[in-house]
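Numbering starts at 1 and runs along the sequence shown. Remember, predicted model here, so these are calculated numbers, not experimental data.
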Amino acid sequence: HALVKEGQRRSPRWRESWQKYCAIFGGGKMDPMRHEETFLSSFLDYAGGLASGDLETQAAAQGVDLESKGIKRASPDGGFGGMAKKPLTMEDGEKGELVFKVKQLQRSQPGAKEAWEHYCD
């Protein structure tokens, strides 16, 4: 809760992103204290995924090899490469939310779709 609140205080873009995320996925409730930890974690993972995708695209455009710098890509289960992956299980509704997030990422900026495709390969 504190991390989301601090982000809202320090960054207008963070606050706007949080509000949009809540409007779409959180029933319009903007107060982090009114959400479960899983919702907050989903927002952080979503925001981190967008930032990571953008930075990966920028690194590729600048010729920066992130792997050679020891940066590991997070696996879909939230762990890092080399760890055993758990099978992805989703309850009703979660799959639709995930698909929406991926499509939104792909549409968010030039190169994001290619970065996603590279990630999936």
Exercise. Look at the aromatic rings of F25 and Y21 and report parallel, tilted or perpendicular, splitting at 30° and 60°.
Key: tilted
Quiz item: So, for M30 and W18, which heavy atoms are closest and what is the spacing to 0.1 Å?
Solution: O-NE1, 2.6 Å
Quiz item: About how many Å separate CZ of F43 and SG of C22, when rounded to the nearest 0.5 Å?
Solution: 7.5 Å
Quiz item: Closest heavy-atom contact between G7 and W14?
Solution: C-CD1, 3.0 Å
Exercise. In plain terms, say whether E6 and R9 are close enough for a salt bridge, that is, a side-chain N and a carboxylate O under 4.0 Å apart.
Key: yes
Practice problem: First locate atom CG of L50, then atom CG of D54, and finally report the distance between them rounded to the nearest 0.5 Å. | Solution: 8.5 Å
Quiz prompt | From OG1 (T57) to CD (Q62), nearest 0.5 Å | solution = 11.0 Å
Self-check item: For H1 against H35, the heavy-atom pair lying closest together
Solution: NE2-O, 3.4 Å
Exercise. Using a 4.5 Å cut-off on heavy atoms from C-beta on, say whether the side chain of R15 contacts that of P12.
Key: yes
Quiz item: Hey, any chance L66 and L55 share a hydrophobic cluster, counting ILVMFWY side chains that come within less than 4.5 Å of each other, even indirectly?
Solution: no
Self-check item: Contact check, side chains of F39 and P32, non-hydrogen atoms, under 4.5 Å
Solution: no
